[in-house]
There are 2 protein chains.
Amino acid sequence: MENIKKYVQDNKERFINELIELLKIPSVSADSAYAHDVIMTAEAVKASLEKAGCDFVELCETPGYPIVYGEKIIDKSLPTVLVYGHYDVQPADPINLWTSPPFEPVIKTTDIHPEGAIFARGACDDKGQMYMHVKAFEYMIASNTLPCNVKFMIEGEEEVGSKSLGWFVERNQEKLANDVILISDTGMISNTQPSITTGLRGLSYVEVEVTGPNRDLHSGLYGGAVANPINILTKMIASLHDENNHITIPGFYDNVEELSLEERAEMAKAPFSLEDYKKALDIDDIYGEAGYVTNERNSIRPTLDVNGIWGGYTGEGAKTVIASKAFAKISMRLVPNQDWEEITALFKKHFESIAPKSVKVVVKPHHGGQGYVTPIDSVGYRAANKAYTETFGVPAIPVRSGGSIPIVALFEKELKSKTILMGFGLDSDAIHSPNEHFGVFNYLKGIETIPLFYKYFTEMSK
Amino acid sequence: MENIKKYVQDNKERFINELIELLKIPSVSADSAYAHDVIMTAEAVKASLEKAGCDFVELCETPGYPIVYGEKIIDKSLPTVLVYGHYDVQPADPINLWTSPPFEPVIKTTDIHPEGAIFARGACDDKGQMYMHVKAFEYMIASNTLPCNVKFMIEGEEEVGSKSLGWFVERNQEKLANDVILISDTGMISNTQPSITTGLRGLSYVEVEVTGPNRDLHSGLYGGAVANPINILTKMIASLHDENNHITIPGFYDNVEELSLEERAEMAKAPFSLEDYKKALDIDDIYGEAGYVTNERNSIRPTLDVNGIWGGYTGEGAKTVIASKAFAKISMRLVPNQDWEEITALFKKHFESIAPKSVKVVVKPHHGGQGYVTPIDSVGYRAANKAYTETFGVPAIPVRSGGSIPIVALFEKELKSKTILMGFGLDSDAIHSPNEHFGVFNYLKGIETIPLFYKYFTEMSK
C-alpha cells in the first residue's frame, strides 16, 4: 500500500494545519464557560467528515453535548467499522505551567519527537487521534480503496463521563450496528514498538464534602474544641489505605480479577526501565500497593486517588481560621469484574460510616464506567496487529492500560461488538497535564496504518 | 461618672457613623492587593487621634505598614497608659457567605444584640474595639477629666504576625515608655457578665508543600504506581494527632504549663452550656483532646489546626489527574512556656521526617508569637475590674483565651510593663468569619468603661 505513504507525504502540511485549527477551539466539557466552544468543535468535526466523503453526517442532539454521526455505506453485505472518538478536552489548568498557551498550538521538537510534536490541549487526547481516522477515511475515498462500510460516532463528553453517549447508544442500536468498533484514544509503548491495548480499568469518580461548624471560626477561640473539617477530611482520606497501600473499603476487592503468575510473567516482558521512569517524573522512589510491580500497579490493580482537595484559606499570607467545610474529588480506577456502581455504593457507605459524629458528610457520585478486556485471537485484534506490523516493521505487543474508556464496556453490552484500541500516543505526551502534545510522526503514522486495518479486517472477515 | 453616660448618649450617632466610615476601607493586610487601602486606614486613624485631642500624632514608617503613634502628655510625674490596637483586618472570604458586603457596614439586630450590631469585616476585630479608645479619649479631653498621660500605638499588621511592630518596639523603648498597656482586642463572656482575659495562647503558623511527580499526571496511566502528593499530604497531616487527639510531634508538650486541679476547678466556674455551644455551631458533637473539657481545650491546651488546604483540580466537574503538588497552611496554638520558634523548628523537623522518599516536602514558617499570662493582683487588673464592676454592675471574671496576641509577650520583654486585656467583644461576633459584627451596646459600653480604668488606675498608682 505505497499510495497511502505518498498521499500522507503530499498532504502532510494540510493534515497538520487542519488539526491545528481544530485544536484552537477550547472544547473543555468540564467547564460550562466553554459550552459555546464545545458546540463549535462539534460543527467543525461534522464539516470535516462531510468534506472527507461521508454520504450522511449529522449532529445528534442529546441531553448534553451533541454527538457527531457520519457514515459511508458502500455495500450492506460488507463488514461495517464503527469509529469512535471524542472532540472534547480536559481543562487546561494549571495554566501557568504551560510553556505555550494550551489553545494556541505550536510545533516543537523534543528528544522523543525529533520530527516535532504539536503542543496543545487535546493534541493527543483525543482530537489528534480522532482526526487521524478522518484523514485515513479521506484517503480511502480519494483513492477509491475503502473496502467496507464505515460509521463515525464522535462525542463531546468523554472527559466528563460520556453520560449522553450511553443515552444515545441505548436508543440507536440499529443505526450504530457494526462488526467492530475502532478507537484511537490510548497509547503505545514507543515509536519503534507499537502495542495494542487489550485491557482498560473501570472508574468511579466521587466528590465528598465534610461540614464541621456552620461557619468559619477563629482558630484561637475555637481551636482544639471543635472538629476542624479539614483535619477530619485528611484523617478520613488517609484511612482509605492501610500500611501496605491496600484500599480499606470493605468489599472493595471482592470481585477483583486476579491474574495468574503466567499472565503476570507475560506482562513483565514489556520493556520497562524503573530508572527511566523515576527520572522522567523526577521522583526518588515509586509508591504503591505491596506485592505488585509498577506496571501491575498501574494496570491490573484498582486504585484510589484524590484528584483535588480544597478548604479554608488558600490565598496569599496567613489566616487563622477553622473552615466550615472541606472538599475532595476522589476517583477509583477499577479492574475487570468490579462493578463501578457497586464500588461507588461501597465507597459512599464506608466514607459516611467513618465520619465522626462531630461532622456531617456528603458523598456525591460523579460518574464512572466498567473495566474491559479484549481477546487477542479476535479478527479485529489480528487485523490491527497485521496493520501495525506492516507500518512499523514489528508486531504489536498486547498491553493492559491503567486508563479508562468507560463506554467500551457499554458498547459491548449495547452493540454486541468488540472494540479494538489502536492507540498511537505515548505516555510522555502529557495528556491531562500541562504541555500536552502529539508527535507529528505518530499523527502521520496513524493515518498511514488505519487504512491497512480496514483492508485486513475486511479480508479476514470473509 | 454620670457625664460619660450622657456624653455617649448625646454623641451615639456620630460615634457609630465615624466607625462605619473607618470600616468601609478594606484594610486587608494579608493581601497586597489592598495595600493602598491599608495606608488609607492608617491616615484615617491618625486624623481621628488628632481630632480627639492628641498633642502629637505621626505615621511611623516601618519595613511594612506604618504604625500610627499619638500622645497626650499632661504631666510627666503622672502614670502613662499605652493603648495598643490594630487597624488592619482579616481577609473577607468566603465572600459568598456574607449576608451583606463585608466593607459596606450595616446595623442589624440579632438575638444577642437587640439594640443592633454593626456588620462588617473588622467591626469587632479590631477597628471597633480600637476606636472605643479614641472616643473615650475624646471624652476625657472634652470634659477635661484625663487623669494621666496617654500614648496610642495602632499597627497595621496584626493579622499577619505584627513583624513590623516588633521591629518598631525594639527601636522605640523610650518613646513608648509606660506604666501599663491597655488593649481591647479580646472578648468577654456576655453582655451581662464581663470578663478580663488573663491568658493568651501563643502561635506558630507554617505552610507546607508536598511535591510528587514533576508534572500533573493522568490518574489512569499513573494511578497506583506513583505517590499522589494529595494522598500523602492527608496521611502526613492525619498522623499529627493520635487516637486521643494528642499532637504527635516529638517534644511538642515538653514545656506545656500544666494547671493544678484547683486552677482548673476555678476555670470551670465560668458559665458554659455545652448544648448552647453545639446549637450555636450546629454541630452534633464536640471534638478534641481526651482528658480536657471544651473550655480547657480552647484555652489552656495547645492545638494543631489546618487553616487551609489545596491541590489538584478544584474546579467544576471532574478531572482525572494526579497533581504534582499539594499545599496546606497549618497553625499551632501554644500555651505559656512553649517557645513558638522552638515549636516551629520541632514541627519542621518532624514533618520532613515523616515524608516518604517518594515525595519532596518544604515547610515554610510563616509567623508566630509567645503565649502570655497576666497576674490578677496587679494594679492594672484591679483598676480594670473596678471599671467593669461600675458600668456592668457585676465584677469581671478572669478567663484564659485561646486566641493569640503575639505582641503582648513582646511588650513585656521590651517595655517591661504588663498588659491589661479589656475586651468588649463576644465569641458570637464571628471575627475572622463571614458576617463579623460588633454590638452597638458593646461599642458604647466600652467607650463608657475605658475612662473609668484611667481614673482608677491613676488613683491606685499613687
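Every chain is numbered from 1 and lettered A, B, ... according to where its sequence line falls, protein lines coming before strand lines. What you see is a predicted model, and the numbers here were worked out from it, not measured in a lab.
The closest donor-acceptor contact from the side chain of B/Asn214 to the backbone of A/Ile283 lies at 3.5 Å or more, if one exists at all. Of the possible donor and acceptor atoms, one in the side chain of B/Lys329 sits under 3.5 Å from a partner among the backbone N and O of A/Gly315. A donor-acceptor pair is defined here as one N or O able to donate and one able to accept, closer than 3.5 Å; no such pair exists between the side chain of B/Asn298 and the backbone of A/Gly224.
Looking at every heavy atom in both residues, B/Arg201 comes nearest to A/Ser219 through NH2-O, 4.2 Å. When all heavy atoms are compared, the tightest approach of A/Glu316 to B/Ser32 is OE1-OG, 3.4 Å. Of all non-hydrogen atoms in B/Ser428 and A/Arg215, the two that sit nearest each other are CA-NH2, 4.4 Å. Shown here for A/Tyr222 and B/Tyr277, the closest heavy-atom pair between the two residues is CD2-OH, 3.3 Å.
Within the 4.5 angstrom heavy-atom criterion, atoms from both the backbone and the side chain of A/Leu304 approach chain B. Proximity to chain B is limited to the side chain of A/Tyr205, based on heavy atoms less than 4.5 angstrom apart. Contact annotation for A/Pro434: only side-chain heavy atoms (C-beta onward) come within less than 4.5 Å of a heavy atom of chain B.
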Between A/Leu281 and B/Leu217, does the side-chain contact (heavy atoms from CB on, under 4.5 Å) criterion hold? Intermediate values first, please. CA-CA 9 Å; A/Leu281 300 175; B/Leu217 299 176; 3.7 Å; yes
Please test B/Asp93 against A/Asp216 for side-chain contact (heavy atoms from CB on, under 4.5 Å), starting from the C-alpha separation and ending with a verdict. CA-CA 10 Å; B/Asp93 53 289; A/Asp216 288 3; over 6 Å; no
Start with the C-alpha distance between B/Thr320 and A/His432, add both sets of side-chain angles, then the distance that settles side-chain contact (heavy atoms from CB on, under 4.5 Å), and finish with yes or no. CA-CA 8 Å; B/Thr320 48; A/His432 291 217; 3.0 Å; yes
Test B/Asn231 against A/Asp305 for side-chain contact (heavy atoms from CB on, under 4.5 Å), laying out the working first. CA-CA 7 Å; B/Asn231 287 76; A/Asp305 273 302; 3.8 Å; yes
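Each of A/Thr186, A/Asp429, A/Ile431 was checked for a side-chain contact (heavy atoms from CB on, under 4.5 Å) with B/Leu221, and the lone residue meeting it is A/Ile431.
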